[in-house]
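Read through the structure below, which is laid out as structure tokens, and then see the notes.
Numbers here simply count residues along the sequence, with the first being 1. As a basis for the values below, the full set of heavy atoms in this structure was taken, side chains included, without hydrogen atoms, waters or symmetry mates.
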Amino acid sequence: MFTIEHDFDATVITLVDEGAPHAEALREDVIITAFEDCVTLRQFDPQSDDDVVITLSLSQLRELAAALNLPEGSYRLDPGKGARGS
């Protein structure tokens with residue numbers, strides 16, 4: 001399950017772990033906040049009792065999106081041309 005909220009300066013997506021049909025440990029919610037110049041991923045860590053935050057630039061986000069659909073290798077994104085292996 002996930003939710004989408006549009007705030008004044010960001011879009012907030014929350015991913016809720018509902019578990020799998022088989023016995024699997026549930027994970028804390030992941031909160032993704034998309035700003036004009038970056039995207040943050042936040043998840044509570046019960047071991048440290050604190051949030052873990054990762055900030056991605058928009059170019060890192062584009063590269064992550066491309067990487068999800070590519071085979072193993074090293075790539076560089078060229079604007080307008082897509083991923084190019086090296």
Do Val52 and Phe44 land in one hydrophobic cluster if side-chain heavy atoms of ILVMFWY residues count as linked below 4.5 Å? no
Do you know the tightest heavy-atom contact between Leu77 and Ala66?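 Looks like CD2-CB, 3.9 Å.
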Is any side-chain heavy atom of Phe35 closer than 4.5 Å to a side-chain heavy atom of Thr40?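 Yes - at least one pair of side-chain heavy atoms lies under 4.5 Å apart.
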Could you pull out all donor-acceptor pairs under 3.5 Å where a side-chain atom in residues 1-15 meets a protein atom, sequence neighbours excluded?
from	atom 1	to	atom 2	distance (Å)
His6	ND1	Thr11	OG1	3.2

Taking atom [atom1] of [X] and atom [atom2] of [Y], what is their separation to the nearest 0.5 Å?
| X | Y | atom1 | atom2 | answer |
| --- | --- | --- | --- | --- |
| Asp50 | Asp45 | CG | CG | 8.0 Å |
| Cys38 | Leu58 | SG | CG | 7.0 Å |
| Leu64 | Ser57 | CG | OG | 10.5 Å |

Starting from the C-alpha separation in whole Å, work towards a yes-or-no answer on side-chain contact (heavy atoms from CB on, under 4.5 Å) for Leu56 and Leu41. CA-CA 8 Å; Leu56 301 173; Leu41 293 90; 3.8 Å; yes
Which atom pairs, one a donor and one an acceptor, fall under 3.5 Å between side chains of residues 25-33 and the rest of the protein, sequence neighbours left out?
none

Tell me the salt bridge (charged side-chain N to carboxylate O under 4.0 Å, His left out) pairs involving residues 51-72, sequence neighbours left out?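 Passing the test, one end in residues 51-72: Arg42-Asp51.
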